[in-house]
Novice: 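My questions all concern the structure below.
FYI, side chains are in, hydrogens and waters are out, and symmetry mates aren't considered; it's all heavy atoms of this structure. Being a predicted model, the structure only gives us computed values, none of them experimental. Just so we're on the same page: letters track the sequence lines, and every chain starts at 1.
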There are 2 protein chains.
Amino acid sequence: MIFSKAIEYGIKASVYVAKQSMNGYRSNLKEISEHINSPEAFTAKILQQLAKGGIIHSIKGAGGGFALEIKEMKKIKLVDIVLALDADFLNSTCVLGLKHCSETNPCPVHHKYKHIKRETLHLLRNTSLLEMSINLDKGLAYLRN
Amino acid sequence: MIFSKAIEYGIKASVYVAKQSMNGYRSNLKEISEHINSPEAFTAKILQQLAKGGIIHSIKGAGGGFALEIKEMKKIKLVDIVLALDADFLNSTCVLGLKHCSETNPCPVHHKYKHIKRETLHLLRNTSLLEMSINLDKGLAYLRN
DNA sequence: ACTAAATAGGATAAAAATATCCGATTAAAT
DNA sequence: ATTTAATCGGATATTTTTATCCTATTTAGT
């Protein structure tokens with residue numbers, strides 16, 4: 001409804017890796033894709049992008065995998081993950097796809113949608129990876145069902 | 001950010017046809033695609049689906065085109081247009097794509113997103129084609145820029 | 001009847017998103 | 001050093017979405 005598959009997988013993977021890191025475990029590709037229920041090879045690409053984008057750390061070689069530190073999880077927000085996977089996610093923000101939709105040049109749903117847009121942006125900017133992974137860890141949230 | 005191109009075009013086309021109908025004009029494909037800035041042949045397919053879905057009326061033959069009546073515009077909501085073009089739009093409603101995301105089985109953003117989802121649904125269900133086309137007619141909204 | 005102007009509908013093409021495969025590289029363990 | 005377990009990166013395949021093209025059908029006007 002709002003994110004592409006790539007972004008869905010990317011968020012879930014980040015949350016899983018964060019949760020495992022919180023508990024001192026490093027996660028590898030196979031484990032990640034199993035726990036978030038995503039195609040392995042495709043997930044590999046996404047993890048690569050996340051690593052390049054500074055969201056997670058990748059450790060190569062035997063016993064390697066993906067991990068990140070608690071202080072990083074606190075700083076990383078949902079919006080950072082999204083932008084690491086789709087740099088111009090925030091540029092196409094009009095519901096009807098108008099290039100220059102604005103207060104003075106609104107599409108027919110602009111005024112009714114702007115509150116929702118504002119709240120969505122707020123959610124993306126203020127939800128940290130840490131809080132999501134804590135919820136996962138506590139069993140208050142799930143990544144597959 | 002939320003709709004596919006097909007749905008974007010579909011909404012704009014419906015609003016344009018409605019506005020023209022309000023003023024007693026019937027709209028044809030060429031005119032519509034010019035005014036909403038969409039590819040003509042693709043728009044033709046979408047208009048067909050909208051007609052089949054009972055959103056607009058299509059009149060075949062010379063002097064034909066698309067139109068609808070004021071009392072219909074009042075009844076037709078944004079959600080009807082969306083569903084006419086994508087029947088299971090409302091079935092994939094979890095931000096992270098979980099099949100059975102719910103209060104008791106939430107994804108990590110469920111609780112923060114549910115208000116937004118509720119408002120979005122409210123907007124879709126309560127925004128009528130009539131009000132959108134009135135705004136367009138009054139010059140308070142635009143379909144291209 | 002004929003012509004012209006429309007939409008309908010089927011076939012196809014192009015582009016983007018999703019997904020897979022495989023060899024190269026890295027690093028730990030023996 | 002060799003083996004083994006990982007990620008990296010490039011090439012390719014598949015699927016879905018977006019877009020186009022062409023013929024058939026319908027209808028108004030002459």
Novice: Which nucleotide of DNA chain D is the first, and which the last, in the 5' to 3' direction, to come under 4.0 Å of a heavy atom belonging to chain B?
Specialist: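 Reading along DNA chain D, I get dT18(D) to dA28(D).
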Novice: Look at Y9(A) and dA19(C) and indicate whether a side-chain polar atom (N or O) is within less than 4.0 Å of OP1 or OP2.
Specialist: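 Checking Y9(A) against dA19(C): at least one side-chain N or O falls below 4.0 Å of OP1 or OP2.
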Novice: Which residues satisfy the side chain to side chain contact (heavy atoms under 4.5 Å, CB included) test with N91(B), sequence neighbours excluded?
Specialist: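 If we apply the side chain to side chain contact (heavy atoms under 4.5 Å, CB included) test to N91(B), skipping adjacent residues, the hits are D88(B).
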Novice: Identify each donor-acceptor pair in which a side-chain atom of residues 60-76 of chain B lies under 3.5 Å from a protein atom, sequence neighbours left out, and give them as a table.
Specialist:
from, atom 1, to, atom 2, distance (Å)
E72(B), OE1, H57(B), NE2, 3.0
E72(B), OE1, E69(B), N, 2.7
E72(B), OE2, H57(B), NE2, 2.7

Novice: Under the salt bridge (Lys or Arg N to Asp or Glu O under 4.0 Å) test, which residues partner K112(B), sequence neighbours left out?
Specialist: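 Result, salt bridge (Lys or Arg N to Asp or Glu O under 4.0 Å) vs K112(B): E131(A).
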Novice: Among residues 34-52 of chain A, which ones have heavy-atom contacts with DNA chain C below 4.0 Å?
Specialist: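 Correct list: P39(A), A41(A), F42(A), K45(A).
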Novice: Under a 4.5 Å cut-off applied to non-hydrogen side-chain atoms, are V95(B) and I11(A) in contact?
Specialist: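 Not in contact.
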Novice: Please name the pair of heavy atoms, one in I55(A) and one in S14(A), separated by the smallest distance, quoted to 0.1 Å.
Specialist: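 Result for this residue pair: CG2-OG, 3.9 Å.
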Novice: Who passes side chain to side chain contact (heavy atoms under 4.5 Å, CB included) against F42(B), sequence neighbours left out?
Specialist: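 Expected list: A6(B), Y9(B), P39(B), I46(B).
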Novice: So which of residues 13-20 of chain A are in contact with DNA chain C, with a heavy-atom cut-off of under 4.0 Å?
Specialist: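 Within residues 13-20 of chain A, no residue comes under 4.0 Å of DNA chain C.
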Novice: Which pairs count as salt bridge (charged side-chain N to carboxylate O under 4.0 Å, His left out) when at least one residue sits in residues 133-145 of chain A, sequence neighbours excluded?
Specialist: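 Listed by first then second residue: nothing to list.
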Novice: Taking salt bridge (charged side-chain N to carboxylate O under 4.0 Å, His left out) as the cut-off, I'd like each qualifying pair that reaches into residues 21-34 of chain B, sequence neighbours left out, listed once.
Specialist: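 As it turns out, the salt bridge (charged side-chain N to carboxylate O under 4.0 Å, His left out) pairs with a partner in residues 21-34 of chain B, which skip direct neighbours, are K30(B)-E34(B).
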Novice: Could you tell me whether the side chain of N135(A) and the main chain of P108(B) form a donor-acceptor pair under 3.5 Å?
Specialist: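 Answer holds: no.
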Novice: Any side-chain heavy atom of D80(B) sitting closer than 4.5 Å to one from K77(B)?
Specialist: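 They are in side-chain contact.
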Novice: Salt bridge (charged side-chain N to carboxylate O under 4.0 Å, His left out): which pairs involve residues 36-53 of chain B, sequence neighbours left out?
Specialist: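 Of all non-adjacent pairs touching residues 36-53 of chain B, none passes salt bridge (charged side-chain N to carboxylate O under 4.0 Å, His left out).
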Novice: Would you please confirm or rule out a distance under 4.0 Å between OP1 or OP2 of dA6(C) and any side-chain N or O of S58(B)?
Specialist: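 So the side chain of S58(B) is outside the cut-off, no N or O lying under 4.0 Å from OP1 or OP2 of dA6(C).
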Novice: Could you pull out the closest heavy-atom pair between Q49(B) and A84(B), with the gap in Å?
Specialist: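 Taking every non-hydrogen atom into account, OE1-O, 4.1 Å.
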Novice: In this structure, how many angstroms lie between the P atom of dC21(C) and the CG atom of L29(A), rounded?
Specialist: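 Taking atom P of dC21(C) as the reference, CG of L29(A) is at 13 Å.
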Novice: Report, one pair per line, the protein and nucleotides 25-29 of chain C atoms (nitrogen or oxygen only) whose separation is under 3.5 Å.
Specialist:
from, atom 1, to, atom 2, distance (Å)
dT26(C), O2, G61(A), N, 3.3

Novice: Hey, could you give me each pair passing ring-ring contact (aromatic ring centres under 6.0 Å, His included) that has a residue in residues 115-145 of chain A? Not counting sequence neighbours.
Specialist: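 Non-adjacent pairs meeting ring-ring contact (aromatic ring centres under 6.0 Å, His included): zero.
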